[in-house]
There are 2 protein chains.
Amino acid sequence: MGRKRTKSGKIRLAEVAELAGVSPITASRFFRNPEALSVAKRTRVESAARELGYVPNLAARALASHRTEVIGVLIPSLTNNVFSDVLRGIYDASEGSRYSIQLSNTRYSILQEEKLLRLFLAQKPAGLIVTGIDQTAESRAMLEAADCPIVQIMEIGPNPVDMMIGFSHYDAARAAIAHLFAQGHRKIGFVGARMDPRVQRRLDGYVSAMKEAGLFDQRLVVTTATPTSVTLGGTLFTDLLGREPGIDAVFCANDDLALGVLFECRRREIAIPEQIALVGFNDLEFMAAAVPTLTSVRTNRYEMGSTAATMLIEAIDGRRPERTVLDLGFRVIERQSSAARRSDSKPGLTGAGAANKMIALPTGHD
Amino acid sequence: MGRKRTKSGKIRLAEVAELAGVSPITASRFFRNPEALSVAKRTRVESAARELGYVPNLAARALASHRTEVIGVLIPSLTNNVFSDVLRGIYDASEGSRYSIQLSNTRYSILQEEKLLRLFLAQKPAGLIVTGIDQTAESRAMLEAADCPIVQIMEIGPNPVDMMIGFSHYDAARAAIAHLFAQGHRKIGFVGARMDPRVQRRLDGYVSAMKEAGLFDQRLVVTTATPTSVTLGGTLFTDLLGREPGIDAVFCANDDLALGVLFECRRREIAIPEQIALVGFNDLEFMAAAVPTLTSVRTNRYEMGSTAATMLIEAIDGRRPERTVLDLGFRVIERQSSAARRSDSKPGLTGAGAANKMIALPTGHD
DNA sequence: AGGAACGTTGACAGCGCTACCAGCACCGAC
DNA sequence: GTCGGTGCTGGTAGCGCTGTCAACGTTCCT
């Protein structure tokens, strides 16, 4: 029922103005800048609008003002837990503002990103949130020519297009490896999937830390371009074991992989952390619930999204934040899976109280 | 750089028309219904548009045509894996169409949903996707009065507003319990969190199956309004064990809870499935990777999203699908965690080959 | 007292596009 | 030959709102 399209029938600004006894333009101002009206007219317009149930026509507003109230968001994946947290932050922060979110999925393709960017920019968005710092030259040029504020999220790097909020994946990986070193682990494997730029930088951080310690060995690194999954974690770990049976720790580029490694160890009856220590990345909720609890690098995903949206909206509204590049840092959350190496290791006795302890990091920030 | 707002400077339809040597209205038709033009003009307009890099102004189009090309989507959560799969389906299916997705998060509140609905409807969306069948009376009235196609997703029920796509959570839960019965389990606990309408219907299905078998006991049911999490699965399971130490199976309202139960069992050294069988819901990816592999009820989330979007777009374009109510069904994916009960249970020997087998269901559909 | 400065208001003219309807050429049918 | 149909094209008139600028009354300064 009621499926057919009908004529407008909506009440317009002019009606509100008439009822309020003011000119349309004054009514218009009420909705955009109420302070500019005298108190008397303000209340008259307000009650008239309420009485009539007036809802502004955004299309007309956009047409007349040459500006939309849309924030474009480009993210590489809709599946990934990481981005759903970021997105939630973005949506939460934009709620209540007059801006609406236009989301698009680049599927980890910078060419697709370029295409979507062109599409977005053509609609003159009020602002833009893009993921990462690895745009094509063309995308980069478009972004720099865009006449709206832009926030790059997920990581920080040199030459921001405009604003930037994230953390150093490189440093975060180094901190994870430093932690494993501190616990006495030496032969540390790396397991990574999808290998998008941020995962690549985690690998770079791992490699640099291992090289500095004189422990790097290419055979310790197992990666694939395949999208990440828990199952894949087990598969890659199996590969790693095949190449280097003597590893004493594994650093996974994300928590799903770590969970897969945990299960694979259980399957193979490899004790964590006694035989092999395990560290993940992102600190998803299940890491604290696993048995043993799993060490991970906590990243501030929700905060990243909400802060990005907040900064963007402020910039759109002409109140550019003083800090335009924000490093949200990370924390290694030490849990049982990476407990200190010892000869007479007994399960469950991992340095009483150490589990779940947060440690300040050499390279970390907050 | 380039942050300031500039004047338009865009090329308009009129320019394209001029270059092509046709009237603006003819050029306009080219973009909406190319077949209506003679081949000669069609190619002229096409090349003119390409040459100038013309991009239509959607605001002007919306204003003039009294119609937007926006599909509103209302979902209860951005965090939940379940909805991210559905969303991915929606975005994938809408990609390439001229419709864009406008997403809003009701946070499991039907009052919030009503508010958002009012907001959406005021913008005259081309179509609407709403979650579930439990709207407020007010929302329901608005939906019925809306002059656009609407799809209700996630579940099916009586009195669709317009179109509907989902499955019966009640039947799915019954099928899960029937499976546990078939495996010889009797004292089956229910663990549920958040208790949104769909989880409630899973509980209803559980209750009815248990009552039919004369096995229902209120103490077997542990629920909470708290949002779901893996950790919570362990907590609720602990509650359940406290009340009913003798349970021989647990049916979890979702897979995160099931994972939490798995870990808690590991912590307590309870053997799955020998001492307690475990069944989850949704069949997230990790269920097949866990040790033991975890039985779950597979739901077609991605397909639900993509089909909903496809049906909606067809209806918008005037090609209403013949079937407007679609039951996407479910499947119980039998894995190790629910293997048949036996006296001399030995770990790992759960009926060779049964793991991962898909079974057709009494009440299930495909 | 004269004038500048300010706060407030309104008239006017579009923004870029499409709905609507009219017009034209051409065809076949009566 | 007149009529009505069909296929294509164009003119006109807005859609509902806001940018711009002018005008008004009031206050404050010199």
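Both backbone and side-chain heavy atoms feed into the values below; hydrogens, waters and symmetry mates do not.
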[N] [atom2] sits how many Å from [X] [atom1], rounded?
| X | N | atom1 | atom2 | answer |
| --- | --- | --- | --- | --- |
| A:N33 | D:dG19 | CG | P | 11 Å |
| B:H66 | C:dC20 | NE2 | P | 8 Å |
| A:E18 | D:dG16 | CD | C1' | 15 Å |
| B:F31 | C:dT18 | CZ | P | 9 Å |
| B:L13 | C:dT18 | CG | P | 6 Å |
| A:E69 | D:dT18 | CD | C1' | 12 Å |
| A:K124 | C:dC17 | NZ | P | 13 Å |

Residue among B:N80, B:D85, B:N81 satisfying side chain to side chain contact (heavy atoms under 4.5 Å, CB included) with B:F83
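Single side chain to side chain contact (heavy atoms under 4.5 Å, CB included) partner of B:F83 among B:N80, B:D85, B:N81: B:N80.
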Side chain to side chain contact (heavy atoms under 4.5 Å, CB included) with B:M163: which of B:I153, B:V325, B:L312?
B:L312
Regarding [X] and [Y], is there a side-chain donor-to-acceptor distance under 3.5 Å anywhere?
| X | Y | answer |
| --- | --- | --- |
| B:Q112 | B:T106 | no |
| B:T310 | B:T307 | no |
| B:T324 | B:R320 | no |
| A:S94 | A:S97 | no |

Check this one for me: any side-chain N or O of A:R32 less than 4.0 Å away from OP1 or OP2 of D:dG19?
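So the side chain of A:R32 is within the cut-off, an N or O lying under 4.0 Å from OP1 or OP2 of D:dG19.
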side-chain N/O A:R12 vs D:dC17 OP1/OP2, d < 4.0 Å
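So the side chain of A:R12 is outside the cut-off, no N or O lying under 4.0 Å from OP1 or OP2 of D:dC17.
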At a cut-off of 3.5 Å, list every protein nitrogen or oxygen paired with a nitrogen or oxygen from nucleotides 5-9 of chain C, distance to 0.1 Å.
unit_1: C:dT9; atom_1: OP1; unit_2: A:S38; atom_2: OG; d: 2.7
unit_1: C:dT9; atom_1: OP2; unit_2: A:S38; atom_2: N; d: 3.1

Would one find more than 12 heavy atoms of other residues, nucleotides or ligands at under 6.0 Å from atom CD of B:E69?
yes
So does A:E18 have more than 12 non-hydrogen atoms from other groups sitting under 6.0 Å from CD?
no
Gap between atom CZ of B:F120 and atom OG of A:S100 - 0.5 Å precision:
8.5 Å
Of all of residues 53-62 of chain A, which get a heavy atom below 4.0 angstrom from DNA chain D, listed by number?
A:Y54, A:P56, A:N57, A:A60, A:R61
Can you say whether the rings of B:Y54 and B:F31 are parallel (under 30°), tilted (30 to 60°) or perpendicular (over 60°)?
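B:Y54 and B:F31: tilted rings.
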Along DNA chain D (nearest heavy atom to each residue), the more 5'-positioned of A:S28 and B:A64
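The residue whose closest nucleotide sits nearer the 5' end is B:A64.
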With axes from five pairs an end, tell me the bend angle of the helix from C:dA1-D:dT30 to C:dC30-D:dG1, nearest 10°.
40°
Any chance you could lay out the salt bridge (charged side-chain N to carboxylate O under 4.0 Å, His left out) test for B:R107 and A:E95, step after step, and finish with the verdict?
CA-CA 12 Å; B:R107 298 173 194 188; A:E95 199 167 276; 3.2 Å; yes
Checking contacts here: which listed nucleotide (C:dA19, C:dT18, C:dG16) is nearest the side-chain heavy atoms of B:R67?
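Taking heavy atoms from C-beta onward, the closest nucleotide is C:dA19.
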